[in-house]
**Student:** 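Here you go, one structure.
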There are 2 protein chains.
Amino acid sequence: MRSLLSLQQKLLPDMLEVMNKRYRVLRQLRLMQPIGRRSLANSLDITERVLRSEVTFLKDQGLLEMSIQGMHLTEEGEQLLMELEPVMNEVSGLDNLEERLKEALNIPEVFIVPGDSDDTPWVKKEMGRAAVGRLKKFQLTRRVIAVTGGTTLAGVADMMIPSSDMEGTLFVPARGGLGEQVENQANTICAKMARKAHTDYRLLHVPDQLSEEAYQSLIEEPGVKDLLGIIKSAGIVIHGIGEAKTMAQRRKSTLDVIDKIEQEHAVAEAFGYYFNQSGEVVHKVKTIGLQLEDLERSELVIAVAGGRSKAKAIEAYLKTGIQSILVTDEGAAKALLEGTSL
Amino acid sequence: MRSLLSLQQKLLPDMLEVMNKRYRVLRQLRLMQPIGRRSLANSLDITERVLRSEVTFLKDQGLLEMSIQGMHLTEEGEQLLMELEPVMNEVSGLDNLEERLKEALNIPEVFIVPGDSDDTPWVKKEMGRAAVGRLKKFQLTRRVIAVTGGTTLAGVADMMIPSSDMEGTLFVPARGGLGEQVENQANTICAKMARKAHTDYRLLHVPDQLSEEAYQSLIEEPGVKDLLGIIKSAGIVIHGIGEAKTMAQRRKSTLDVIDKIEQEHAVAEAFGYYFNQSGEVVHKVKTIGLQLEDLERSELVIAVAGGRSKAKAIEAYLKTGIQSILVTDEGAAKALLEGTSL
DNA sequence: CTAAGCGGGACATAATACGTCTCAGTTAGG
DNA sequence: CCTAACTGAGACGTATTATGTCCCGCTTAG
């Protein structure tokens with residue numbers, strides 16, 4: 001027996017299209033509210049008039065409200081949108097995609113949000129929302145959560161919301177300075193996340209370039225040593241995955257590091273480690289904090305990365321065999337499946 | 001979490017209307033195929049042009065085909081329609097109605113088809129289809145199925161289809177001549193059903209008016225006696241329910257019988273028995289065949305009756321306490337609930 | 001042989017959707 | 001304090017679609 005949705009797909013395909021359109025409007029509005037018609041129409045790449053018809057309808061349905069500052073979802077709209085998410089994933093076949101990816105990559109869970117973060121930047125925020133959603137499914141009281149840097153993780157931080165069962169949760173950066181820009185540093189993101197979640201955080205300040213002696217004396221420093229112990233015991237890790245070359249360049253690595261990365265055919269990067277196509281570590285940024293081995297003791301590892309351009313990197317990283325939940329987007333998911341199964 | 005349908009009702013309020021319209025078109029087409037646009041539009045009480053739009057759409061979806069003889073459902077259309085049935089019942093609240101009726105009438109199962117056979121005659125065929133559907137859920141090989149007469153049962157016969165697990169099944173008329181017209185006699189219907197099911201049948205020829213002596217000698221006749229035994233052992237009974245007065249008149253009963261029926265306030269009739277409002281037998285047509293007591297030994301009794309005008313009769317009959325599956329229509333179901341629960 | 005029923009084509013009209021522009025009010029940033 | 005950018009709302013002509021109402025050539029049952 002087919003599902004109701006698949007019956008409807010045959011009997012009312014045009015209706016499902018409309019449904020999708022309205023869903024997209026609501027979803028985009030949630031991301032940008034409060035916002036006006038013209039800007040929203042622009043984001044959705046539809047004309048103002050079309051959006052206007054939809055918006056008028058949705059307003060009449062009590063799902064959104066107009067005000068002089070722009071439109072915003074009502075309580076009911078938020079609720080509906082939340083309930084709609086799994087349905088629309090099934091409609092657009094993302095459900096199916098998730099299953100196939102889980103199989104192909106041999107990992108416990110995959111979550112895909114619609115869109116491609118290469119083309120449309122706000123998809124990162126949707127991934128962030130999804131990642132936060134997954135996180136919330138776990139027991140979080142008095143837990144240590146280690147996070148990395150990167151624009152994707154910044155998206156996760158944006159979408160963090162406080163909740164009662166995050167009492168006593170502590171956010172820490174996974175590893176010390178990796179040479180990122182301030183807004184994408186693990187420290188910054190860690191602090192932002194904790195602030196949004198209304199919980200505590202600890203920061204790890206490590207200068208970028210450090211002599212061996214200074215390094216040794218630093219990790220013996222009481223405050224640092226304590227924190228390092230906490231970080232290494234983190235039960236939950238949320239991290240991004242990057243392309244090796246891009247990351248090396250963004251971090252202004254020295255020429256010989258870039259050369260090494262190139263010669264060893266590194267394709268992926270995650271929390272300071274560089275991996276080749278087979279998932280083998282080919283380079284490691286020397287800094288203190290969480291090490292690859294520590295991941296095996298973590299109960300929950302969430303990897304967040306999207307955009308078709310990152311497909312190869314995601315694939316390579318997951319070949320390490322780390323049992324990680326993957327939160328990605330449609331663009332990356334499709335590219336991954338084309339690369340692996342074909 | 002709300003159901004998909006209630007989410008859709010918020011997001012596409014007119015969807016259910018469209019869905020219902022297309023469903024009705026398919027359902028009516030199944031009943032009347034092959035048929036042309038104009039006749040079909042007439043049956044559905046919509047204009048030709050509107051039907052035409054729907055039909056064109058459904059054709060494009062591969063659910064029906066056009067030919068010079070008229071339109072007909074494709075394999076896929078049949079399949080979809082079948083799967084759609086429970087969904088639409090839920091949508092139109094018939095699901096709910098069934099539950100309430102089951103409770104109110106204290107019987108094991110109730111099936112309701114949309115419509116009212118008082119207004120639209122083809123609803124009888126839908127009841128027929130439903131009854132056949134219920135029947136098929138039972139183990140039928142080498143079983144004896146007793147059937148009665150009446151226009152409703154004629155509808156059941158129309159919808160009978162052969163199936164592999166009806167091998168060795170034997171159809172018999174429940175009771176001898178009750179004075180009906182030929183096309184509505186139990187014998188005729190019995191034969192038709194068996195022919196449609198590709199199985200065997202036996203007929204019971206009993207003259208309408210019979211002296212006591214002739215009656216006695218008839219039931220001693222070897223062929224008749226054998227058959228009577230078979231009939232009385234029937235494990236499955238399918239019968240209609242009629243209004244007492246209407247039935248008495250249609251059968252051209254004698255005046256004193258009609259008087260008796262009237263004086264005893266008979267309201268319902270089933271296989272030759274007349275019942276008052278409390279479900280008590282007030283008159284019985286004298287003929288051979290299945291008796292009321294025999295019903296208690298049957299494993300499956302299916303009563304088929306619809307139309308709001310028959311509500312009182314159905315209610316009265318079911319008060320006998322016979323554990324019967326009821327197949328009825330929306331009109332009768334609503335009238336029943338108004339009569340009993342209010 | 002004929003009358004009824006079939007699908008398909010056609011067309012004017014009504015209803016709806018859409019693109020485009022205007023306007024007055026609000027607000028954020030200089 | 002001012003202005004530039006943004007807000008919702010209104011308006012209006014034009015496509016596009018939906019609908020009612022024909023007609024035509026064909027097949028088929030009676």
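Lettering of chains follows the sequences in order, A, B, ..., and the numbering in each one begins at 1.
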**Student:** What is the distance, to the nearest angstrom, from the CD atom on Q69(B) to the C1' atom on dG7(C)?
**Tutor:** 11 Å
**Student:** Is any side-chain nitrogen or oxygen of T47(A) closer than 4.0 Å to OP1 or OP2 of dC18(C)?
**Tutor:** no
**Student:** Whether the T151(B) and N184(B) side chains hold a donor-acceptor pair (N or O, under 3.5 Å, no angle test) is what I'd like checked.
**Tutor:** no
**Student:** Can you find an N or O donor on one side and an acceptor on the other, under 3.5 Å apart, linking the side chain of R38(B) with the base of dA4(C)?
**Tutor:** no
**Student:** Can you tell me if Q8(A) and Q8(B) form a side-chain donor-acceptor pair at under 3.5 Å?
**Tutor:**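 There is such a pair between these side chains.
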**Student:** Of the candidate nucleotides dG8(D), dG8(C), dT19(D), which contains the atom at the shortest distance from the side chain of S53(B)?
**Tutor:**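 Of all the options, the side chain of S53(B) is nearest to dT19(D).
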**Student:** Cation-pi between R202(B) and F171(B): NZ/CZ under 6.0 Å from ring centre and within 45° of the ring axis?
**Tutor:**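 No, R202(B) and F171(B) do not form such a contact.
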**Student:** Atom CG of L51(B) to atom P of dG5(C): distance rounded to whole Å?
**Tutor:**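 These atoms are roughly 16 Å apart.
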**Student:** Measuring from the side chain of V50(A) (C-beta onward, heavy atoms only), which nucleotide among dC18(C), dC22(D), dG20(D) has the closest atom?
**Tutor:**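 Nearest to the side-chain atoms of V50(A), counting from C-beta on, is dC18(C).
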**Student:** For a quick check, tell me whether the side chain of R52(A) and the base of dG19(C) share a donor-acceptor pair closer than 3.5 Å.
**Tutor:** no
**Student:** Measure NE2/H72(A) against C1'/dG8(D) and give the value in whole Å, please.
**Tutor:** 14 Å
**Student:** Could you check whether any side-chain N or O of T74(A) sits under 3.5 Å from a backbone N or O of L63(A), counting only pairs where one atom can act as donor and the other as acceptor?
**Tutor:**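 Looks like yes, one N/O pair under 3.5 Å.
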**Student:** Looking at dT7(D), dG19(C), dG8(C), which one has an atom nearest to any side-chain atom of I35(A)?
**Tutor:** dT7(D)
**Student:** Examine distances only and state if a side-chain atom of T152(B) and a backbone atom of A305(B) form a donor-acceptor pair shorter than 3.5 Å.
**Tutor:**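 No; zero donor-acceptor contacts below 3.5 Å.
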**Student:** Please figure out whether I68(A) or E54(A) has its closest DNA chain C nucleotide nearer the 5' end.
**Tutor:** E54(A)
**Student:** Should S67(B) be listed as having a side-chain N or O under 4.0 Å from OP1 or OP2 of dC6(C)?
**Tutor:** no
**Student:** L64(A) has an atom CG; how far is it from atom P of dT7(D), in whole Å?
**Tutor:**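 So the two atoms are 14 Å apart, to the nearest Å.
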**Student:** Measuring from the side chain of M66(A) (C-beta onward, heavy atoms only), which nucleotide among dG19(C), dA9(D), dT7(D) has the closest atom?
**Tutor:**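 Looking only at side-chain atoms, M66(A) lies closest to dA9(D).
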**Student:** Nearest whole Å is fine: how far is dT19(D) P from R37(B) CZ?
**Tutor:** 15 Å
**Student:** Measure from the side chain of R49(A), starting at C-beta and using heavy atoms only, and say which of dT27(C), dG8(C), dA11(D) lies closest.
**Tutor:** dA11(D)
**Student:** Please report the distance, rounded to the nearest Å, between CG in L40(A) and C1' in dA9(D).
**Tutor:**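 Going from CG in L40(A) over to C1' in dA9(D) covers 17 Å.
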**Student:** Using whole Å, report how far CG of D14(A) lies from P of dA17(C).
**Tutor:**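 Result: 13 Å.
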**Student:** Whole angstrom is fine here: how far is it from CD in E48(B) over to P in dC6(C)?
**Tutor:**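 Nearest whole value for this atom pair: 10 Å.
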